[in-house]
There are 2 protein chains.
Amino acid sequence: MTADPPRLRADARRNVEGIRLAALDVFRANGLNSPLDEVARAAGVSKGTIYHRFGGRQGLIDAVVEELVAERIKGIITAVSAIEDPVERFESYLRQIWLLQYDEPAANDVLLRSLPGSEPVAALCEHANEVAGNLLGDAQATGVIRDDVTAEDVYLLIWERGIIARSCAQQPRDGYRRRLEYTLRGLRSTAC
Amino acid sequence: MTADPPRLRADARRNVEGIRLAALDVFRANGLNSPLDEVARAAGVSKGTIYHRFGGRQGLIDAVVEELVAERIKGIITAVSAIEDPVERFESYLRQIWLLQYDEPAANDVLLRSLPGSEPVAALCEHANEVAGNLLGDAQATGVIRDDVTAEDVYLLIWERGIIARSCAQQPRDGYRRRLEYTLRGLRSTAC
DNA sequence: AGGGTTCTTGACCATGACGTCAAGTAATGC
DNA sequence: GCATTACTTGACGTCATGGTCAAGAACCCT
């Protein structure tokens, strides 16, 4: 069953790992659309090697996306599901996702689905959305969150943050956080 | 004093006007960063003519920005200043600017200052900001708008909408408007 | 009508990215 | 240690954009 073992040569193994690490660095800094030449340079290999080893950008992303963002998104989902209060749970989820988007440009490329090809990415995205929908429903049941907010609204709120975070790395983090609270406040029912 | 009259030749005058019109169309549809080749094609001239007549993108923008967005922004400012209630005035201003951004991608290129060179654009932008700051102050004085909102927050709220509107032309207008109201609600004081 | 001037053209260069592949280089197994 | 195979390289082709300019076309005046 373990039909994998065409075992790579030593230099190839070294390069695969080096490229993975370089890709993590570069993608973290500039998102998943960074030029592959840059990754190659950072890894000390030539561009051709990346294509040879990973088949192109898509394959390279698949190889790092787990470590880059999937784990963090899953971590957020796990963390908030331990919260008792449905409203707090919902708001905490949004807060954390929004901050992840600020801190990790690559997360946006995942959440914005700007990479149609990657299967694991699509699945993760799907899952996160479903979770968000459930959190919203629970929070609305308490009456604290407006009931005209839809799951799509939540998706778009995240999507919007992604666009924004991607377009400006310079916005100070504090102000960004403060404004997130305004947005959350706007989702609450008007009847105090 | 009127030292202008090196009077253009007939074909040149025709082209200048044709290019202006084409630029209005193309810029309206795709923003101020549209390829100049596209403008040229729409005007039925060659790219070189645009460079020759307007000196490049910057000059072309200067030639159309007034008609394209300046008038509309000024119109909004005039319209809201007739509103009595300071809160309504402030919120109405934001609503209208946000809708302008939705309807006119080019407005964003102005408001986002993505065109460092253009002097009239910069002035307009400056002025709009100042107005927004005043409207905010008046609205806060009533106690209805949170007093921790800063003029920069307002600038950024507009900026953010610009980024968003620019990135997705497909968002249905109704949903967009509805979500604007959430945002406005988030700026009101929590003490109902 | 035709000569002198103004204007336009589109081929051209440059940049920066993606992706490919023949030829050269390095590890491995014997 | 050397032949064989796996691996890497970097120059090359391509595309899309911004911008330039010599040569040819259009206009205007007399």
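Here the structure is a predicted model, which is why all the values come from computation and not from measurement. Per chain, numbering begins at 1; letters A, B, ... match sequence-line order.
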I need a per-nucleotide contact map over nucleotides 24-30 of chain C, read 5' to 3'. Cutoff is protein heavy atoms under 4.0 Å; write B for the base, S for backbone only, - otherwise.
--BSS--
Tell me whether the OP1 or OP2 atom of D:dT20 has a side-chain N or O from B:Y51 closer than 4.0 Å.
no
May I ask you to verify if any side-chain N or O of B:T49 is less than 4.0 angstrom from the OP1 or OP2 atom of C:dC7?
no
Given that B:S34 and B:G48 both sit by DNA chain D, which one's nearest nucleotide is further toward the 5' end?
B:S34
Working for side chain to side chain donor-acceptor pair (under 3.5 Å), residues A:Y93 and A:N134:
CA-CA 11 Å; A:Y93 175 78; A:N134 293 338; over 6 Å; no
Please report, to 0.1 Å, the donor-acceptor pairs under 3.5 Å made by any side chain of residues 82-92 of chain A, with sequence neighbours excluded.
unit_1	atom_1	unit_2	atom_2	d
A:D85	OD2	A:E88	N	3.1
A:R89	NE	A:I83	O	3.0
A:R89	NH1	A:D138	OD2	3.2
A:R89	NH2	A:E84	O	3.0
A:E91	OE1	A:R188	NH2	3.1
A:E91	OE2	A:R188	NE	2.9
A:E91	OE2	A:R188	NH2	3.4
A:S92	OG	A:Q96	NE2	3.1

Quick one: list whatever passes salt bridge (charged side-chain N to carboxylate O under 4.0 Å, His left out) with B:E17, sequence neighbours left out.
B:R20
For the helix from C:dA1-D:dT30 to C:dC30-D:dG1, figure out the bend between the end axes, five pairs an end, and round to 10 degrees.
10°
Looking only at side-chain N and O atoms, does A:N15 come under 4.0 Å of OP1 or OP2 in D:dT8?
yes
For the side chain of A:N108 and the backbone of A:Q101, is there at least one donor-acceptor N/O pair under 3.5 Å apart?
yes
Only counting residues at least two apart or in another chain, list the ones meeting ring-ring contact (aromatic ring centres under 6.0 Å, His included) with A:F54.
none
Apply the test side chain to side chain contact (heavy atoms under 4.5 Å, CB included) to residues B:T183 and B:L94: give CA-CA distance (whole Å), side-chain angles for both, the deciding distance (0.1 Å), then the verdict.
CA-CA 10 Å; B:T183 305; B:L94 279 181; over 6 Å; no
Taking the side chain as C-beta and beyond, is there a heavy-atom pair between B:D109 and B:I61 under 4.5 Å?
no
Nucleotide N/O to protein N/O under 3.5 Å, stretch nucleotides 1-4 of chain D:
none

Tell me every residue that passes salt bridge (charged side-chain N to carboxylate O under 4.0 Å, His left out) with A:E130, counting only those two or more places apart in sequence or in another chain.
none
Between A:L60 (CG) and C:dC18 (P), how many Å, whole number?
11 Å
Between the main-chain N or O of B:E160 and the side-chain N or O of A:E160, is there a donor-acceptor pair closer than 3.5 Å?
no
Between atom CG in B:N33 and atom P in D:dA16, what is the gap in whole Å?
18 Å
Among residues at least two apart in sequence or on other chains, which ones pass salt bridge (charged side-chain N to carboxylate O under 4.0 Å, His left out) with B:R72?
B:E104
Can you name the residues that form a salt bridge (charged side-chain N to carboxylate O under 4.0 Å, His left out) with A:R179, not counting sequence neighbours?
B:D153
Rounded interatomic separation in angstrom, taking NE2 from A:H52 and C1' from C:dC18:
18 Å
Residues 41-54 of chain B vs side-chain hydrogen bond (donor to acceptor under 3.5 Å, both in side chains), sequence neighbours excluded, gives none
So does A:Q171 get a backbone contact from the side chain of A:Y102, meaning a donor-acceptor N/O pair under 3.5 Å?
yes
Without decimals, in angstroms, what is the distance between B:E17 CD and C:dC7 P?
16 Å
Rounding to an integer number of Å, can you tell me how far B:I50 CD1 sits from C:dG10 P?
14 Å
Once side chain to side chain contact (heavy atoms under 4.5 Å, CB included) is applied, do any residues pair with B:H127, and if so which ones, sequence neighbours excluded?
B:I77, B:V131
Write down the distance between CZ (B:R53) and C1' (D:dT20), rounded to a whole number of angstrom.
16 Å
Could you identify which residues of residues 35-47 of chain A place a heavy atom less than 4.0 Å from some atom of DNA chain D, listed by residue number, or say none?
A:V45, A:S46
